[in-house]
Structure formats: C-alpha cells, structure tokens
Amino acid sequence: MGPPSSSKLMRLLGTEDENFYRLGQEDKKAYSYARRSFLDNLSHFSSPLLQKLLGGGLEALALALLKRHRDMGQNLKAYAEGLERPCEKVFATFLLPELFSSYGLLTPNIMAPLLGCSSLFFRSTRSPGPPSKASSSPRGITHFRLLDISLSDSFSKYAQTILFSFPKQKVFFFTTLGIPYPSLTAMNESGITLALHQKPGKFFSLKGTPIMKLAKLIITEAKNREDIEKIVKENPSMSSWGLYLGLKEEVLEIDVIGDRHWITSHPLPEGKALYFCNEGPKETDTHKIIPYGFDEYNRMRREIVEDYLARESQKGPLSEDIILKGLTLPLGEKTVCTSRWKQSPLSPHTVDSCALNPVENRALRLRGKAPKILKRGYETYSDCFGSPRSQGHDEKGRKDLVHWEQGLEHLSEAMAHFRGKKTNALFHSLQMAEECYGGWPEQKIVHFYRIVFEYIFLKSARDENILLEDFEKLLGQLPPYLNEQCKLFILRLHKLLKLPPPDLTLEHEQLKRIWKGESKLQEKILRGKRFLYIPKPEILDIIYPFTS
C-alpha cells in the first residue's frame with residue numbers, strides 16, 4: 001500500500017476535555033507505534049534497558065510536573081483516558097523535546113535528534129481569487145513551514161489536520177498521532193500563526209513551562225502582540241526554543257531560555273518575504289554548542305533562500321507558488337562545485353511541509369510520505385475555522401529531479417536504519433543514495449558520510465588504509481565545515497596507522513580541541529571511541545559525545 005493521499009481531517013467543536021478524549025480515542029489503536037517512535041529518539045546508542053530506565057525517569061518527572069501544570073494535566077488526563085493509558089506515560093513523551101533541546105547539559109551529548117526547521121513569511125500584493133474581488137479581500141501573511149524531526153514514519157502514516165474549538169478561540173493545526181497539542185504548526189482565528197523551532201542549548205529548569213504548553217497558551221489565548229508578550233513573560237520556559245509567529249502585518253521572532261526571552265518584530269510589507277531557520281539568540285555563543293557546524297548549516301540555508309528570492313523578484317512579483325517550489329525543491333544547481341554548494345531548507349528529515357494564512361482562512365499541506373517533496377501533490381484547506389474542506393492538487397514533479405528525490409529518500413531511510421542499528425540496511429541505503437545523486441554535489445557529501453560510517457564500523461587495519469585514501473581524495477571537495485571534519489578523520493587515521501602526521505591544519509576551534517584530546521590517546525582507545533560518533537547528514541554534522 002502506498003502513502004496516504006492526505007492527512008486525517010478532524011473537526012473538534014465540543015468542550016476541551018471532550019475534544020482531547022476524542023483525540024485519544026482516535027489515536028488509541030496506533031499509539032504504541034507512535035510512542036515507540038518517540039522513545040527511539042532517546043539515544044543513538046540506547047539499549048532496551050537504557051530506554052526503559054530513561055522512560056521510567058521521565059514518567060517519574062511527569063508525575064511531579066503534572067501537579068504543577070494542572071491545566072496541562074487536565075488536557076492530557078482526558079487524552080490518556082481516550083487512549084486507555086496512564087497519564088504519566090503520555091506526559092512523559094511531551095517531556096522528550098525538553099531533553100532533546102538541553103541534551104548538552106543533561107547527558108554527555110548522547111541525545112541529538114535535532115530539528116532543522118524553517119519558517120518563511122510572505123505577504124502577497126493581492127489575495128487569491130478573481131481580480132475583481134481581490135481589491136476588497138484581506139491580504140494576510142502566509143506562513144510557510146518545514147518541520148524537520150526524526151519521525152518520518154509517524155508523519156507519513158498518521159499525519160493529522162485538526163480544527164479545535166478552545167474556550168477562547170478556534171485553532172487550526174497540523175500534527176501527527178501522539179501529539180494532540182497545537183504546538184508544532186498552528187494558526188488561530190485572531191490571525192496569528194505559530195511554528196516551533198528548536199534551538200540547541202544547555203539550559204534546563206524543572207520550574208519552567210514545557211514548550212508544548214507554552215506554545216499552546218500562545219496560539220489558543222493570544223489575540224494580539226500584547227497578549228503574546230504577556231504569556232511569554234509569565235511562563236518561563238523549561239529549555240531553549242524559538243517561536244516564530246505571523247500576525248496581520250508583522251512577524252515576531254521569539255527566543256526563550258528560561259526566564260530570559262528576546263522578542264524581535266519584523267514589519268512585512270506587501271510583496272516581501274522573510275526566512276528564518278534555527279539560529280540562536282545573538283547573546284549566546286551558539287558556535288560553542290554542539291553540533292559545532294550548526295552556524296554554518298543555518299547560514300547556508302538562509303543564504304540560498306535569500307538568493308533564490310532575490311533572483312525570482314527580479315523576474316516579477318513573488319507568489320506563493322514560487323515560494324512553495326523554492327522551499328520544497330532543491331535550490332542548489334547541479335553543476336555547482338561541492339565546495340561551494342549550499343544546503344537547501346529541504347532535508348532528509350523534513351516530515352511536514354505546509355502553509356497557513358489565518359486572515360484568508362486557508363492552508364496548504366504537502367501529501368505523501370516523508371521527506372515531504374513537492375512531487376506527490378498537496379492538499380489545500382478552505383474555511384479552516386468554519387467547516388474545513390480539503391481539495392487535492394496533483395503534482396507530476398520535474399523529470400530532472402527524479403533521481404535527486406530518490407537520493408533524498410534513500411538518505412532518509414539510511415538514518416532510520418542507523419537509529420534502528422540495522423548496519424547492512426544502512427550501507428545499502430547510503431550506496432543507493434550515492435548512486436541516485438550521481439552528478440549532483442550531494443553525491444560527494446553522501447560519499448563522505450558513507451566512509452564516515454565505514455570508519456565507525458571498520459574491522460581491520462587494511463580497511464583503515466583504504467579509508468585514508470578515500471578521505472584524502474575528498475579533501476578540498478566538500479563544504480568548508482565538512483572539509484574540516486574530513487581533515488579530522490585523516491589525522492585520526494594517520495595516528496591509527498602510525499604514519500607521520502599529515503601537513504594539515506584544523507581551522508575550526510571546536511574540532512581543533514577534539515583533536516588535541518584525541519591525539520594524546522592510545523590507538524586502542526582512539527579506535528574504541530569511534531562507536532560513539534553520531535553522523536548527522538540531515539544537519540551536515542557529526543556529533544562527538546563526551547566532548548563539551
């Protein structure tokens with residue numbers, strides 16, 4: 001059976017408890033699958049025993065926090081009753097994002113399922129529809145949103161589109177089974193949109209508000225900028241996050257770290273667009289927080305989107321169709337040298353691609369399995385706050401991108417196999433991705449990650465000699481940060497093979513510090529450390545536990 005043509009559309013107009021109970025009933029049959037998907041993200045090295053211990057610790061924490069957050073507890077109690085599950089087990093899954101966002105503090109860098117989300121806000125010069133009616137129609141801001149997270153199966157099989165009547169106002173949102181809160185991607189009938197972005201950090205406070213609750217408070221209660229600012233001020237966060245909100249004529253960029261917050265307003269004139277990814281507050285040294293290449297990863301995505309928008313603006317007025325294609329298709333050129341290549345917003349972990357316009361009471365969501373690429377069509381939603389209706393739109397896709405799209409899908413599968421400890425399947429998917437990317441700059445990047453995985457799982461000194469040659473051939477042919485990573489592996493292999501040190505200089509401060517420590521290790525210990533490395537091609541990085 002192929003992927004579903006569209007997500008499940010639900011209209012929940014009862015009391016809040018009734019609606020959460022109904023969502024629980026809807027999710028009951030497949031909730032075990034969803035919970036397992038969430039727990040699988042706890043650790044890249046986790047054994048069933050470690051997962052059980054971590055899960056038990058989360059449940060104990062959930063019981064304590066349920067008493068403090070009674071409103072959230074009431075919601076989840078109703079949801080858990082519908083699921084026929086203990087409330088603390090349900091709440092525990094809501095605490096996973098807090099651990100993921102503060103993993104550098106709570107654990108030795110073990111947990112690293114980072115999100116690489118994108119939000120782009122666009123204000124059209126006219127509303128959709130016949131020109132005769134456009135002049136009198138409202139011109140709202142359209143909030144395009146890419147959600148990146150390691151839950152591709154969940155969003156592929158169990159995506160949900162929900163209209164939920166909360167006590168103060170109606171909220172229309174996109175989510176998946178197991179996440180009944182409107183905290184990922186949502187809009188309300190007051191004209192506000194919301195997207196949650198992860199920000200790498202080392203902050204965690206039990207006194208803080210879970211991010212799922214904070215986001216829900218904003219989108220269900222706020223009707224203007226003053227309401228948003230009041231809610232953020234009165235609800236310090238539990239860990240570090242970014243909230244991106246579209247209002248009627250401006251965009252709010254909000255970073256929260258405990259009781260500290262930064263709110264930046266961006267006016268958005270007609271015909272203009274603003275792009276945001278996961279860059280942290282200027283007051284924090286994000287380049288010192290693993291993943292160490294996150295600054296470059298964000299810079300590449302921002303620059304390639306802004307270059308694309310500038311080029312398209314020279315051809316004529318921007319449109320929603322132009323922006324949708326820019327965000328959900330590769331922006332890089334096939335002929336560009338890999339060392340000058342830039343990452344598009346779309347990644348192997350893009351599980352949701354959608355757009356919201358509350359003023360015009362409409363939305364859009366790409367359909368099909370993740371990663372969400374504009375080739376399987378999309379659903380448009382009208383009358384979102386009344387009686388939502390969906391209409392399918394087919395998309396044939398570009399013939400020149402067929403193999404590129406297949407490469408992205410194989411890379412996504414490879415990362416799922418790595419999390420599932422399926423080594424043979426991992427290498428098969430990487431080889432397939434490399435073949436599909438033939439002629440594209442991404443081919444060398446996938447090749448780099450394939451030999452990184454081979455380094456992790458290698459079995460003999462003969463393999464080390466071969467890998468050294470492979471890394472040396474790639475040197476100078478990768479984007480700057482990955483090229484630094486390539487140097488690091490060459491240095492390691494020279495030490496393992498007892499060869500003279502190569503004439504290489506690491507420029508990246510954090511990688512230089514890692515090598516300073518590793519260069520003093522005995523070869524046996526250095527070889528043993530390789531099993532701790534976590535390659536992350538979806539964010540163009542490699543995580544090194546126990547290094548910060």
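Considering only heavy atoms from C-beta on, Leu184 comes within 4.5 Å of Met212 through its side chain. Looking only at side-chain heavy atoms (C-beta outward), Thr93 and Tyr31 come within less than 4.5 Å of each other. Proximity of Asn75 to Asp71: side-chain heavy atoms (C-beta onward) are nowhere separated by under 4.5 Å. For the pair Ser412 and Pro371, the minimum side-chain heavy-atom distance is below 4.5 Å. Leu243 is listed as a side-chain neighbour of Ile218, based on a closest heavy-atom distance under 4.5 Å. Side-chain contact check for Pro269 versus Arg123: every heavy-atom pair is 4.5 Å or farther apart. The closest side-chain heavy-atom distance from Phe385 to Met187 is below 4.5 Å. At a threshold of 4.5 Å between non-hydrogen side-chain atoms, the residues Phe20 and Gln74 do not count as touching.
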*Dump the intermediate steps for salt bridge (charged side-chain N to carboxylate O under 4.0 Å, His left out) on Glu226 and Lys230, then the final yes or no.*
CA-CA 6 Å; Glu226 290 72 23; Lys230 184 173 184 291; over 6 Å; no
*Give the C-alpha distance, both sets of side-chain angles, the deciding distance and a yes or no for salt bridge (charged side-chain N to carboxylate O under 4.0 Å, His left out) between Glu189 and Lys170.*
CA-CA 6 Å; Glu189 58 184 335; Lys170 294 178 182 177; 5.4 Å; no
*After noting the C-alpha distance and the side-chain angles of Ile539 and Phe294, does the key distance pass the side chain to side chain contact (heavy atoms under 4.5 Å, CB included) rule?*
CA-CA 7 Å; Ile539 57 171; Phe294 215 47; 4.2 Å; yes
*Kindly determine whether Ile304 and Gln343 satisfy side chain to side chain contact (heavy atoms under 4.5 Å, CB included), including the steps that lead there.*
CA-CA 7 Å; Ile304 200 168; Gln343 170 69 49; over 6 Å; no
_Assess the residue pair Asn19 and Tyr21 against the criterion (side chain to side chain contact (heavy atoms under 4.5 Å, CB included)); give the C-alpha distance rounded to whole Å, side-chain angles, the decisive distance to 0.1 Å, and a yes or no._
CA-CA 5 Å; Asn19 289 342; Tyr21 177 77; over 6 Å; no
*Show your reasoning for whether side chain to side chain contact (heavy atoms under 4.5 Å, CB included) applies to Tyr378 and Glu395.*
CA-CA 8 Å; Tyr378 55 92; Glu395 186 75 25; 4.3 Å; yes
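Using modelled atom types and a 3.5 Å distance limit, the side chains of Asn278 and Gln198 yield no donor-acceptor pair. A side-chain donor-acceptor contact under 3.5 Å links Glu320 and Thr142. In the model, Gln391 has no side-chain atom that pairs as donor or acceptor with a side-chain atom of Thr380 under 3.5 Å. At a cut-off of 3.5 Å, with distance as the only test, a side-chain donor of Ser118 or Tyr275 sits close to an acceptor on the other residue. Side-chain atoms of Trp262 and Glu253 form no donor-acceptor pair, as typed in the model, at a separation below 3.5 Å. With no hydrogens or angles considered, a side-chain donor-acceptor pair links Trp241 and Ser239 at under 3.5 Å. No side-chain donor-acceptor contact under 3.5 Å links His261 and Lys233. In this model, a donor atom of one side chain and an acceptor atom of the other lie less than 3.5 Å apart for Asn298 and Arg301. Side-chain atoms of Gln160 and Asp27 form a donor-acceptor pair, as typed in the model, at a separation below 3.5 Å.
Using modelled atom types, no side-chain atom of Asn188 and backbone atom of Val171 make a donor-acceptor pair closer than 3.5 Å. Between the Thr209 side chain and the Pro236 main chain, a donor and an acceptor come within less than 3.5 Å of each other. Using modelled atom types, one side-chain atom of Arg376 and one backbone atom of Lys369 make a donor-acceptor pair closer than 3.5 Å. A distance-only check finds no donor-acceptor pair linking the side chain of Tyr481 to the backbone of Asp295 [under 3.5 Å]. No donor-acceptor pair under 3.5 Å is formed between the side chain of Ser190 and the backbone N or O of Lys223. Put simply, the side chain of Asp352 never gets that close to the backbone of Asp148: no donor and acceptor are under 3.5 Å apart. With hydrogens and angles ignored, the 3.5 Å screen pairs a side-chain donor or acceptor of Tyr449 with a backbone N or O of Asp541. Looking only at distances, a side-chain donor or acceptor of Glu18 sits under 3.5 Å from a matching main-chain atom of Thr15. One N or O on the side chain of Glu98 and one on the backbone of Ile211 form a donor-acceptor pair closer than 3.5 Å. Distance alone, capped at 3.5 Å, places no donor-acceptor pair between the Ser344 side chain and the Leu346 backbone.
The heavy-atom pair separating Gly73 from Leu66 by the smallest distance is CA-CD2, 3.5 Å. Across every non-hydrogen atom of Leu65 and Leu206, the tightest pair is CD2-O, 3.6 Å. The shortest non-hydrogen separation linking Val359 to Lys248 is CG2-CG, 4.0 Å. In terms of heavy-atom proximity, Leu327 sits nearest to Pro345 at CD2-CG, 3.9 Å. Across all their heavy atoms, Leu411 and Pro348 have their closest contact at CD2-CG, 3.6 Å. For the residue pair Lys536 and Ile543, the shortest heavy atom distance occurs at CG-CG1, 3.7 Å.
Under the 4.0 Å criterion applied to side-chain N and carboxylate O atoms, Glu229 and Arg225 are assigned as salt-bridge partners. Asp321 and Lys325 are joined by a salt bridge, as a carboxylate oxygen and a charged side-chain nitrogen come within less than 4.0 angstrom of each other. Residues Asp255 and Arg260 are not paired through a salt bridge, judged by the lack of any N-O separation under 4.0 Å between the basic side chain and the carboxylate.
For His266 and Phe276, the ring centers sit closer than 6.0 Å to each other. Aromatic ring centres of Tyr244 and His197: separated by under 6.0 Å.
A 6.0 Å sphere centred on CD of Glu250 holds more than 12 heavy atoms belonging to other residues, nucleotides or ligands. For Lys375, the NZ atom counts as densely surrounded, since its 6.0 Å shell holds more than 12 non-hydrogen atoms of other residues, nucleotides or ligands. Heavy atoms of other residues, nucleotides or ligands lying less than 6.0 angstrom from NZ of Lys342 number more than 12.
Only one option out of Phe164, Tyr79, Phe173 pairs with Pro180 in a side-chain contact (heavy atoms from CB on, under 4.5 Å); it is Tyr79. Considering His143, Arg145, Arg365 in turn, Arg145 is the only one that fulfils the side chain to side chain donor-acceptor pair (under 3.5 Å) rule with Thr185.
One distance of note links OG1 of Thr175 with OH of Tyr158; it measures 14.5 Å at 0.5 Å rounding.
For the pair Lys216 and Tyr181, the cation-pi criterion (under 6.0 Å, within 45° of the ring axis) is fulfilled.
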